[in-house]
Structures are given as structure tokens and as C-alpha cells.
Amino acid sequence: MQISPVDTQNYLLLAATLFCTGMLGVLVRRNALVVFMSIELMLNAANLTFLAAARERLDATGHLAALFVIAVAAAEAAIGLAIVIAVFRNRGTVNVEDIRTMKY
Amino acid sequence: MNAAQLQPYLLTLVVFLPLLGAGLLLFLPREEAGQVRAWTLLAMGVDLALAAVAYLVFDPKGAEFQLEVRRAWSAEFGISYHLGVDGLSVSLVLLTGFLGPVVVLSSWKFIHDRVKEFHISLLLIQAAMMGTLVSLDLVLFYVFFEAMLIPMYLLIGVWGSERRREAAMKFFLYTLFGSLVMLVAILAVYFIGQPAGARSFDYGTIYNSLLSANRQLAACTQGVGCATLSPLALTLQAWGPLMFLAFALAFAIKVPMVPLHTWLPEAHVEAPVAGSIILAGVMLKMGTYGFWRFAIPLFPVAAYQFRPLFVALAVVGIVYGALMCLAQQDVKKLIAYSSVSHLGICMLGIFAFTAEAASGSAYQMLNHGVSSGALFCLFGFLYERRHTRRISDYGGVARVMPFFAASFLVVTFSSIAVPGTNGFVGEFLVLLGTFKASSLWLGYPVLATTTVILGASYMLWMVQRVFFGPIDRPENGGLRDLDLREGLTASAFMVLVLWMGLAPQPFLDRIAPATDRFVARAQLGTPDSAKVKDADVRVTVPPIEGAPPALPQPPVAAVALPR
Amino acid sequence: MSTSQLVFFGLAFATLFSAVLVIAARNPINSAMSLVATFLFLAAIYAQLLAHTIAVLQVLVYAGAIMVLFLFVIMLLSLTHLGDPTPPPALHQVVGGVAAVAVLAGLVVAIWRWHEMAPVGRAREGLLRFGTLEQVGGLLYTRWLLPFEAVSLLLLVAMVGAVVVAKPRI
Amino acid sequence: MDTTWLTKAWANPQALSANLWLIIALPAFGALVCGVFGRALGRTYVNLVACASVLASFCLSVFAFQAVAADPSVIVTPAANGVPMRFALSGDWGVWFQAGSFSAHLGLWVDHLSATMLMVVTGVGFLIHLYSTAYMEHDAGYWRFFAYLNLFMASMLTLVLADNLVLLFVGWEGVGLCSYLLIGFWYTDAANAWAGRKAFIANRVGDCAFLLAMMLLVLTVTAFAKAPGTEPPAVFFAQRRAVWTHAATSEPGPLNFKVLEEFAQYMPANLAMGSRGMLGTDIPIGPLAGHTYGHTLTLVFLLMLLGAAGKSAQLPLYVWLPDAMAGPTPVSALIHAATMVTAGVYLLCRMAPLLVMSPAAMATVAVVGALTALYAALIAFAQDDLKKVLAYSTISQLGYMFLGVGVGFFWGAILHLVTHACFKGCLFLSAGSVMHGNDNEVNIKKLGGLRKEMPWTTACFGIATLAITGIIPLSGFFSKDDILHGALHARLVGYEWVGPTVFAIGSLGALCTAFYMSRAYLLAFTGERSKDAKVPHAHESGWVIVAPLVILAALSIALISHGFPGLLKMPNGEPETLMEAFLKPVFGVADRLAIEAHSLLPEAERSPWPGFGIALLLAWAGGGAAWYLYKRVFPARAGKPAPEVFAAVRAFTVHKFYVDELYDAVLVRPIKLLSIGLFRVVDEGLIDTVLVGGTAWVTARIGSLLRYLQTGDVQAYAAMMAVGLLAGVGYAIFEALAK
């Protein structure tokens, strides 16, 4: 068993790109479901960072953090999708621009 | 478990017993108003007993802080669960304990809706006030200090009279504004006090760490050693005044000092009788107590620098508050403004920096708690019968309520400091001590002495209009005198008024050591600072009991940025 | 360039490509399928990072459970129709997009310039156990037991919450 | 006849000392019983408790007085300066309150001065209690009345017995308090209660000055004791001059009378025991540093004079006393004539050793006293209310006492105090008896002809009138004219004009006194019954009312013994009055210190008889004028209008020279207006509306502007977060690059 020669830096770059891709999705897509998917992307980017750092420091705590992130993501997806269903039922749309009840 | 073993837990019990009572009330059905009242009374009574035990156990010749307990709480941030009382706080604890059952008794028939929530609020306030008085950790203190606000806000806002919402909001915002500024100062003093890793919110630790810097700074104001100030002293020189003012603002609002007082009359007028008693009896003293415990000892140089301002404001408060009273048409507002005047005397005593004045001020805090608490309580009894606060709606009440009138008169005399009642001793000592304060202009105490005249004018004017003269309104003719419950409450106040007036020394003995230390700490910022010995001012800090062995240093920031 | 490097770059490219597809696809079904692909590629990368446990969980939880959930929702609500033509982007969308790109640039610069890590983890001992179920499980059930239990509570709450929110009438 | 029993203490002085507190506690206990259980106990028991407690207190006082006065071991002449040292029964019940370097003890003492006062207070007090049992017979509030009256006795006795100024102040304010309660006793009439309040506030003005005087005195004494070079303070403060002391504990504090006297010993310039003249020296330390002791003491006593003026109804604070007649008549007799109002005189006499250090203050006291004596007498001319006449005469007579104190004639002032207590008490009680028999009629013009219907009352009133007028075989003659004689011969250094001036004013006052007292007597008691009388025929009161009158009238005659000059001889052969000799142990120190301090020089003793002759002439003249006017001139002019000039003068006098109105316009109204103005403008306007309300307004406006940022669009919020993140990243990079 040996550590791969790929630098941690590369993983971090990948994570950063992934994160920003997700962020872009959140910021420009109007479909609530796609926004949720983008959020999942961002969470995974965070996971990747945790794991890269864990390998760098040989500290398995990072894995646990990733585990918890996955759990939180699962919870978030469940609730979020339930809200999407509820909103859709009430308003017939999942377009985020059409949901503005909190406007001044 | 014998008494000695119980001692470390005494203060914890005093603070949390009301909370326990509140927890118990949660399980009572809301229709059982009688049970709710009885259990609250029981909890308050036991709390009073515990407070009395603490008062008796306190040894005036012993260490500064007694009945101390210090447990690990949040070691990473230097926060510990540190309780302890000195002479002043143990006296105020007793006062708070005394007012607890009184408050419950006085609102026995006053409150009809949401009885359960009302009593839970009372118990929460009681716990928070006790906690504020016994905390020796700044974070703990702050938490309790803020925790007082919320139930009080509810008390005014839910159970008050017509304009209760505005009054509650005003009270809340005023005090919150001050205490948030204080929070910034608490954090600042935490960060400058000690290097990273050794930082602590503990009162004694912070005091001790600032001590030598304060000394250097005091010497520097005399022109000695300004070139060799330590870094901490330099920081204090630059930021000390601001930090002092931040603390002072919070406490001055609470006191309240003119011109930050306008929340008080409104809060008093709108609050239910219980709220007024608590507010006047104890909560205002949190301000003076804060000056005594935190603002002045931590920043003696800045305090000395701003002393003229505060003394002037105190004297203005005394005279101005009294003049305001003369203009009032509303009994509760009048009593509220008289509190402004009386608390001005307390503040004058604190800022005189002499032993006489400080003792007098401390005693005046107790007196004011008793006398204005009693005034509000007694007027509450009358309000319950007539539902009006306007002075002109009364007249000739003494004829139909003789016992009530007698009690009210006794308390009035206490309030205007007739010798033989408690008010005199405090006022006399404050005035004397202010005269003795060499560096103050003699005009201040002279002006303050006019309170003797003005106080009598407005209080007797009010008494006159309410109690004497013919009964010219038929509603007043049918008032009934106090019943047993009310009579007992009133008698308790009267006994206390006379007891504290005729035999003040046992009370003063408890306060004396705290006074000496306070004056020494305050002197540290004056030109006399060199005469103050370190042993007189340094705080003994007990180790944290049951602290886990030092944790392994948490990994320091992994990504070290290159230089 | 060693094999593992080649593998990594391949995987990284695939991951990014499918991620871009996620946000670019007009049909949500396509997005979802691309997301599955992204997760699978990521799982491989995790494995390469010696995080075997997490890699397995990634496949199970994300690619399995969560994605099924997404697909069900899409199908339940019949969101597959493409709707009206896309309106012109709003101001905040433009600003957000630019900000996202700029953040990426900033992060890239930062990672590029300050890549030195604290020299702690290059030791080779214990590599055999690193990231195995045994090690992660050991940690999870000893030192991190409380957070773990808290997470289980969170999931429970989420479950109940999802039912409550989604049901029209309880 | 064996008289040794007179010159030996009847009771063990040691035991008396230890139980002095009982003298105060008994009436206090009576007050408690009457006040709390009075209504339940019923009239008989309340009367019993109230009278018995005062009687017991009186008996104890007699024992104390006798022990102080008679025991030969009391007076010891120390070798040092040849002045008899004074002794007292003295008890100390420990610290009352103490803080810093200040302490006040619960200490009581009975020396010759307080023994005299004790006899007056408890003696007259008991008689008036007895009288009240009949006078208040039909009043439903009898229990309240006796509770207040007993409480008053306790306070007054505290005032008299206290051995330090702070405890004295307790009694001082306590009597004011009881006076407030008793004036407003019939509170259902608002005017009565207002009168009580007026009395209390006027007293409070004085008390404020008194407090300031005490503070300054503490500063002075403490500075002296702590100044470098003084004797060790411990010795200074611990010096005790009592033979019989009960439980002398810690140092008695700076306001103890013995300490103050000790302090006074150090002040004069040519003091044998230290040769340190301090009066002209600067106070070395403390807040008063830089002012001389002499000036400070002058200020102290001017303030104390104001305090005493408040309590003793002198100019400028006398306005409350006439209104105080709203209270029941026994109260007027006890509080507003015999005891409470003399507290100011007692206080200044008590402070005599220090008072003589300041000729300026003494001159002021004398002038204030003389002016008050004349001024009040002038107002009394036109009063038709019998009680008001007596009230103004009280003010006037108190003025004589102040005059006596001011010219250093302390024993004369005290003698006048004692005789005044008797004859004025008698006058008031007689007036009460008149009211009792005439359905509460007080207007002298609506009485008349009482001589036949109320013979006892008339006789007593007549004797007392003669006494106050100063007709020769009565005590008032000697006490008042001793004072005037003393004034004529006193030489206040630097204020030599004061003696003759006050003598002149005082003599004029005596003339007026004779006039208005005779007028009152003639109108009320002689002649025909007025047609406006409420009841056609008055009836004589019962023996419970008459007996006190008779006793007091008898005392007004008997007390002549203490004022008759030349009954005793001094060691150097000069004649000495009995009262002077009796009070010598107290005032001897003051006299000696006055000479040492070169502030008050006695002239060679001259025979008082020529002066007495003038005084007698004045008294006859005043009385004769009254008789002539009211018996001859006015009846003859009945029905014709008075000349306009006289009418105007009379109106001016009836309205008490418009002083009440003046005070109202100059002090009361402006303060009230100021407070209302401040409340409206500063408190409600500036602070509450502009500052507090303004803050809220600004916040609300800003908030209503900023709320337009809330678009409700999730993505917009997210975009803001992204921008924020970008800013954070940018800042971190910038920081790192900058290093």
C-alpha cells in the first residue's frame, strides 16, 4: 500500500472548481431541483477537500467529517425535496423566481 | 451532610432554587392558580431562608469573597462557573431574597390572567438577579445581567397597564443598548488582560492582571514614569477611558442616572405592582453594584478622570429627580422619580471614594430597596382597590384605611430619611463622606443636602393629597383597610424600616470590609495611589475545582501563511 | 507521469465535465443523471485518496438513495417539460455568475501560490489501516460517538419533517 | 431639721446611669401600645398607659435630676484651672453606626443642663397628658392622639438626653415628625394637614442647615485630631469626663459633646494647657484646608442658628408656628410652647463652649433673637385668635431666649426657657379650657366676661399673663429682665454695639408684650359677654383640666427663686443667682473659654435693680395702655369707623406683614414652576421626545429605506452571499500579498 504521487494541491484545485461550478448553478439556474443538485455538488466539493487534507495529514478525522457531511446532505435533500413538493402543490411551479412571498 | 459541607453549594442553591420552582410550575395545570401561587411563595420563601443563611454564614472578618465555588465550565475560553459573595453582594442577596415572597404576596389578587406564566417569570427574574449578584465571572455575570431583562420585559409588556407595550419596549431597548456596549468592553478587557492561552473572564484574574498597569498609569498621571509604561499600561491609557465609559453606560442606564432615566418612570407606571417592586427594589441596584464591582475597580484611572462628570450627574440627578417629583400628577411616576433622586445619592456616595460615603451608599442601596419597594407595594394595594394612579383621584383615604395610612406614612418617613428610620443612616453617611472627599468641590454635597428639603416637600405633598383632607369622592368612601395578607406584608416592611434605622451597625459590619476594598481599589486611580498596598486590593482567585488536566494543545492553524 | 496521476486527471476531467452538464442541462432528468455520474467519478477519486469507506458510502448514499429521491420527485411532479423560453438573465444572476467565476479564480490563485502544507502527514506508517472501515468505525464509535448519535437524531427529524411538509393533510 | 437626705443621691447613680434608656423607652413603649392596640384597649386603658408611662419617666427623671443636682461628690474642682468640672450620669450602649473614621454612639447623659430640661419635659409633659385625658374626652381618635403624644415625649427625651449631635438629631427630627402628625391630627380638614406639612418643611429647611453644620463640624474636628502635631487622637477622643459611666466602649466619635468640649479647649489663644491658639490658624488637612478654625466655626454656627431658627420658630423660618395652632390645644401647649420649640435654645446652649469661639455668630444669634422678639410681638397686636396671639407671643419669647444665648447669657436663656414653659403652658392650657367651655371659640372678640363663669381658668390665665408681662413678684419678670440686663452689659468683642442695641429692641418688645397680653386678657375675660358668643354661658372645666393649670400657675410664681438676684454669693463675694450657680458646671467652661478666646468680656457686675425698675415701668406702661385703649377709648368709639391710617396698619398687621405671601411668591411658586417647566421641557421634551424618540425615529426611517433590499428572491440573496465570499477571499489574498 502506498500513497499516490498525486499532489494534494491537485485535489484542492479540483475541489475548488467543483465548488464554484455548484455555486454557479445555484446562482443562475431557476429550477429549484437543479439548484438543489448544485448544492449537492458544493457539498461534495467540501468532502473532497476534507478527504484530501485527511490524506495529507494521515488523520482519519477528516473522513468522519465527510461522513457527517453526507448525513447532513441526506437530511437536507429529504427536507428540501419535501418543500419542493409542497410548493409545487400550492403554486404549480418550482421556479425560484416565482416564489417571493418574503418580499418587502 | 452537615452545614460545612453544604457551604460550597449554598450560592448555587440560592441562584437555582427559583429556577427549580419555575420548572415545577411548568407541570402544574394552569387552572390551579392557588397552587401556582402557593408553590411560588414556597420557593421564594425557601430562597429567602437560604439567602439569610448565606448572610449569617458570611464572616465580615474573613476573606473578601466567601462561599466561593469555581468549577470548570468552558475552559477553552477561560470561562468558569465562579460564584462568591462579598459584604455588599451578600447584603443585596438578602434584600433580593426578602423581596421575593413580598412580590408574590403583593400580587396575590392583582393578577388574574396567565397566572402560571406570571409566576414563572417572577421566579426567573429572581434567579437571574441572584445570579447577577453572586457571579464572579464576567461572562456569567453578563448572562445573568441580560437574563433579567427578558422576564421583566414580559412582566411589563404582558401584565402592565394601558401603555405597557411602549414602556416595555423602551425599557428593553434602553437597557439592552447599554449592556451590548458593555459586552464589547468585556471582550476587550478579556483580550487585553492576558496573553493568548492564559486568557480568562474571571473577575479576580482580570483585576489582578490589570493591577500593575493601573498603578503605572496612575503614577503617570502624576508625571512619574510615563516613559516606561508597560504595553498593557499603554493600551489602558489609550483604551481605558473608552472601556470604562462602555461599562459605565450600561450601569448608568440601569441606575438610572440623569439624563438616561426616562425609561424608568414609564416602566414603573405601566408595570404591575410586582414589576415595580422588583424594578425599584433590586434591579436598579444592579447599576450601582456594577459601578462598585466592575467599572471603577477595573479602570480606576479612567474612573478618577471622569469622576467630576459622574459626581456632577449624580448631584444633578438628586436635585433634578426631586424637582421632577414636584411636577407629577401620578403617584407611581412620583415614586419613580424619587428613585432617580435616591439613586443619585447612591452614585454620589460611590464616586466620593471615601469609606463613609461608600458605606452610606451601600446602605442606601438596601434602604432604597426596602423603602421604594414598600412604597410601590403599598400603593399597589391601593391601586387594586381604586384602579387609578392620579393623585387628584384620592383624598381622605386615611379615614377609611387607617392601618394602610400608618404603614404608608412610616415608609414615607423612611424615604425622606427621618432619623430613626433606615433612610437617615445611609443619607447621612453619604453626605458626610462626600464632604470628606478632599478633592471634590464642597458645593456638591451642599447641593445634595437640599434633598432633605425637597424630598420632604414632594413626599408629604403626595401623602397629603392622597390620605388627608375630606373624602370628596364617593368611591373613596367605601375602601376597605388592609386584610391579613396585606397587613403582614406591610408590617414586614415597617419592621425592617425601623430595625435597619435603629440598629444599622450589624448590617454595616457586613458591608464594611467590602467598602474598604472598594475604596482602596478606587483610590488606585487617584493621586493617593501610592498609599494603597497591593495586599489590600489584590483579589484572591481560587483554582478551578475538578478541572480536567490541561487538554492537548489544539492543532494550531494548519495553513501557516508565509511571512 | 505515473499511472495514478493519469488516472487522477482522467477522473478529474470526467467529474468536472459531468458537473458542468448538471448545471447546463435544460432537462432536469439529464441534470440528475449527470449528477449520478459526477458522484460515481468522485467515489473513485475518494478511493484513490485512500478513503475507501467514504467512497463506498458515496456510492450507496448519494448515487443510490439521494439520486433515487431526486428522480422520483422529478417524475412525480412531471417536471420534464421544458416550459417557456428562458427569460433574459436578471441582474443578480449576472452578478452571481461573475462572482462565482471570480471566486474560483481567487481560490485557484491561492492554492497555486501557497501550496506548501505543514509537513506532518508524509509518514508512511499506518498507511495500511488508513481510511479502512475499521479505523473510521473505531473513531466513530469512540471519540465521535455523541456527534454520530446526534446525526442519527438529525436524520430522524429530517424524516419526520419531510413527511409532515410533503403531506397535504395530516 | 435634718437636710442630709437632700444632699445625697436618692438612687444609686451607677444603677441610674445604666437605666437611663428607660426614660425614653417608657413613653416609646406607651406609644407602641396606644398606637397598635389603642382602639382595642379602650379609652380608660389608653389614658392609663399614656399617663403612667410619662409619669414613670418623670419619676426616673426626678431621681436623675436629684442625683446630678444634689450629690456633693458630683462637683470636683480640678487643680488645673479652678473651674468646677461638670459631671453627668452617662450611659453608652455601644456604636449606633460607624463607617470609616466616623462613628455615632447610642449614648445618653444627664448633666445639669439636660437634667433641667428633663424636668421641664417630663413634668410639663405629664401635666399635659393628664389634661389631655379630659380635653380629648369626646374625640374618636384619642388612641392615635396619645400614641403621637407619647411618641413625642420619647423623641423629645432623646433630644435632651443624647450625648452626641447625631442622636440629638434623631430626637430633633422625631419631635418635628410628631409635631407634623399632631398639627394635622384632625386631618379631615385639609387646612390642618397643610399646616402640618408647612411646619415639617420649614423645619426641614432648618434641618438641612443643621446637617450641613454637623458635617462641617465633623470635618473640623477630624482635621484637628488627625493633623500632624496634635495630641495622639486616641487620647483626644477617649477623654471622658463622667464619673458614672455605663459601659464606655470605643471612642465616642467626633460629634460627642464631650469631644466637642475637649476640642473647644484647644481653640483659644492664651490657653494655659498648650499655649496653642488655634482660632486664627489654618486647618491643615482635609477639604477645609486653608480656612481658619475661627471662620469655619462661625460658618458652622450660622448654619446651626438657621437650624435652631427652624425648630424654634425664629426669623426667617417662624412662619409655621402660627399655623401650627391648627392642632389640638394640649399639643400647642406641650410642643409649640413648652418643649419642642425650645430645642433650638437647648441646642445652642449645648454647644456653648464652641459657640463662644465665634463672636460673629453670637452677635447674629442675638440680633435674630431680638428682632424676632419685637417682630412677633408687633404681629400679635392685631390677632383676634387667642391661640394665634399666644403663638406669636411664643415666637417672641423664644426670641428673648435667643437673645440671651447670643450675648453669652446662657443660664438666663435656660431660666427663661423653664419659666416660659410654665407660664406659656399655663396660658395655652387655659386657652384650651376656654375653648372647652365655649364650644371651641377662639376669637377673643367673641368671648368676654369669662371672669365670672370660669373663675379658676381666669385666675390662672391672669397669673400667667402677669408672669409673661413681667410684673414683679412673678418668675417671668426676673427671667426676661435678667436676659435684658445681661444684654446691656455684655461686650461681644468686635460687636460692642450688639449689647445695647438688642437691649433696646428687647425692651421695646417687652412693652409690646405687655400690651398685647393685657389686650387678650381684657377682651377675653373681663367685661360683658360678647353678643357673638357661640354659647350664651360658658362653664368651668373639670378638675382634670383645672389642676394642671393651677400647678403651672403656681410654678410660674415659685420659680422666682431661681431668678432672684443675689440669693447666693460667689467665692469672690459677688452676688450670684440660684440658676446661675446651678448651671455653672455646664456654662462655667464656656464662660472661661470666652474670656480666654477674647470673644466675650463680662463687664464689672453692676446692680441689676435700676434696669429692673425700667422694665417694670415698661410692663406697667404696656398693660396700662392696653387697659386705656380697650376699656376706655374703643368702647366709647363703638360704632364709629376707625381712621383710615389705623385701618391700613391693622390690615397689614393682621396679614402678618404679608410674609407668607412673600415666601410663596419668591420661593414656593418659582420652584414649583421650575419643576413643571423642567419636566415638560427637559424631561418630556428634550430627553424623551428629541433624544430617545429621535433615535427611534432615525432608526425606523433607515430601516424603511433598507427594507427595499428584501426582494424575496432567493437567488438574489445567494448572489449577495457570493459577493461577500468574494470579498472575503479577496481580502485574504490581499492580506497575504501585503506581508
Side-chain angles (χ1 to χ4, degrees), chain A residues 1-14 16-18 20-25 27-29 31 33-34 37-38 40-41 44 47-48 51-52 54-61 63-64 66-68 70-75 77-79 81-86 88-89 94 97, chain C residues 2 4-5 8 12 15-16 19-20 22-23 28 31-32 35 38 42 45-46 48-51 53-54 57 61 65-66 69-70 73-74 77 79 93 96-97 100 103-104 107-108 111 115 117 120-121 123 126-128 130-131 135-136 139-140 144 147 151 154-155 158-159 161-162 165-166 168:
Chain A
M1 196 74 194
Q2 89 167 48
I3 202 155
S4 89
V6 184
D7 261 356
T8 306
Q9 188 192 357
N10 295 323
Y11 292 103
L12 292 181
L13 282 173
L14 174 60
T17 319
L18 203 55
C20 289
T21 314
M23 195 158 97
L24 195 65
L27 291 172
V28 300
R29 287 302 301 256
N31 189 319
L33 276 171
V34 181
M37 291 183 211
S38 307
E40 300 294 340
L41 278 183
N44 268 283
N47 266 355
L48 183 57
L51 296 176
R55 192 200 60 162
E56 176 71 23
R57 299 167 55 86
L58 278 188
D59 182 349
T61 318
H63 293 189
L64 292 176
L67 185 70
F68 290 135
I70 291 178
V72 169
I79 292 284
L81 289 173
I83 292 175
V84 168
I85 289 177
F88 185 79
R89 190 175 287 138
V94 289
E97 282 193 332
Chain C
S2 71
S4 52
Q5 275 171 318
F8 169 74
T15 311
L16 285 178
V20 170
V22 170
I23 64 164
S31 291
L35 193 60
T38 317
L42 270 174
I45 293 177
Y46 292 172
Q48 203 191 11
L49 274 169
L50 304 180
T53 319
I54 303 299
L57 281 174
V61 178
I66 298 182
L69 207 57
F70 268 100
V73 170
I74 293 168
L77 304 183
L79 293 173
Q93 280 169 319
V103 167
L104 177 62
L107 287 178
V108 169
I111 296 168
H115 54 82
M117 308 287 276
V120 269
L127 260 189
L128 211 54
F130 184 69
Q135 193 194 15
V136 175
L139 274 172
L140 198 58
W144 300 94
V151 162
L154 174 75
L155 286 173
M159 205 158 73
V165 172

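Letters go in sequence order (proteins before strands), and every chain restarts at 1. These numbers were taken from a predicted model, which means no experiment stands behind them.
- The candidate from Asn44(A), Thr17(A), Ile79(A) with the greatest count of non-hydrogen atom pairs under 4.5 Å with chain C is Asn44(A).
- With respect to chain A, the highest number of heavy-atom pairs below 4.5 Å among Thr53(C), Thr38(C), Leu69(C), Val61(C) belongs to Leu69(C).
- Both the backbone and the side chain of Val136(C) come within contact range of chain A, each with at least one heavy atom under 4.5 Å from a heavy atom of that chain.
- Among residues two or more places apart in sequence or in another chain, the ring pair (Phe, Tyr, Trp, His ring centres under 6.0 Å) test is passed with Phe70(C) by none.
- Side chain of Arg55(A) to backbone of Leu50(C): no donor-acceptor contact under 3.5 angstrom is found.
- Checked against side-chain contact (heavy atoms from CB on, under 4.5 Å), Leu154(C) has the following partners two or more places apart in sequence or in another chain: Val72(A), Ala75(A).
- Considering only heavy atoms from C-beta on, Val22(C) stays 4.5 Å or farther from Thr21(A) through its side chain.
- Within the 4.5 angstrom heavy-atom criterion, atoms from both the backbone and the side chain of Leu67(A) approach chain C.
- In this structure, the separation between CD on Gln48(C) and CG on Leu51(A) is 12.5 Å, given to the nearest 0.5 Å.
- Using a 4.5 Å cut-off between heavy atoms, Leu140(C) touches chain A through backbone and side chain atoms alike.
- In this structure, the portions of Val28(A) lying under 4.5 Å from any heavy atom of chain C include both its backbone and its side chain.
- Contact annotation for Leu49(C): both backbone and side-chain heavy atoms come within less than 4.5 Å of a heavy atom of chain A.
- Rounding to the nearest 0.5 Å gives a distance of 12.0 Å between CD1 of Ile54(C) and CG of Leu48(A).
- Side-chain atoms of Leu14(A) and Phe8(C), non-hydrogen and from C-beta on, do get closer than 4.5 Å to each other.
- For chain C, the option among Glu40(A), Glu97(A), Arg29(A) with the highest count of heavy-atom pairs below 4.5 Å is Arg29(A).
- In terms of heavy atoms, Pro28(C) sits closest to Asn31(A) at CG-ND2, 3.6 Å.
- Within the 4.5 angstrom heavy-atom criterion, no atom of Ala65(C) approaches chain A.
- Note: Leu104(C) leads Val108(C), Leu104(C), Leu107(C) in heavy-atom pairs under 4.5 Å with chain A.
- Distance CH2/Trp144(C) to NE2/His63(A): 14.0 Å, rounded to 0.5 Å.
- Within the 4.5 angstrom heavy-atom criterion, atoms from both the backbone and the side chain of Asn47(A) approach chain C.
- Scanning both residues, Ala100(C) and Leu24(A), for their nearest heavy atoms gives CB-CD1, 3.9 Å.
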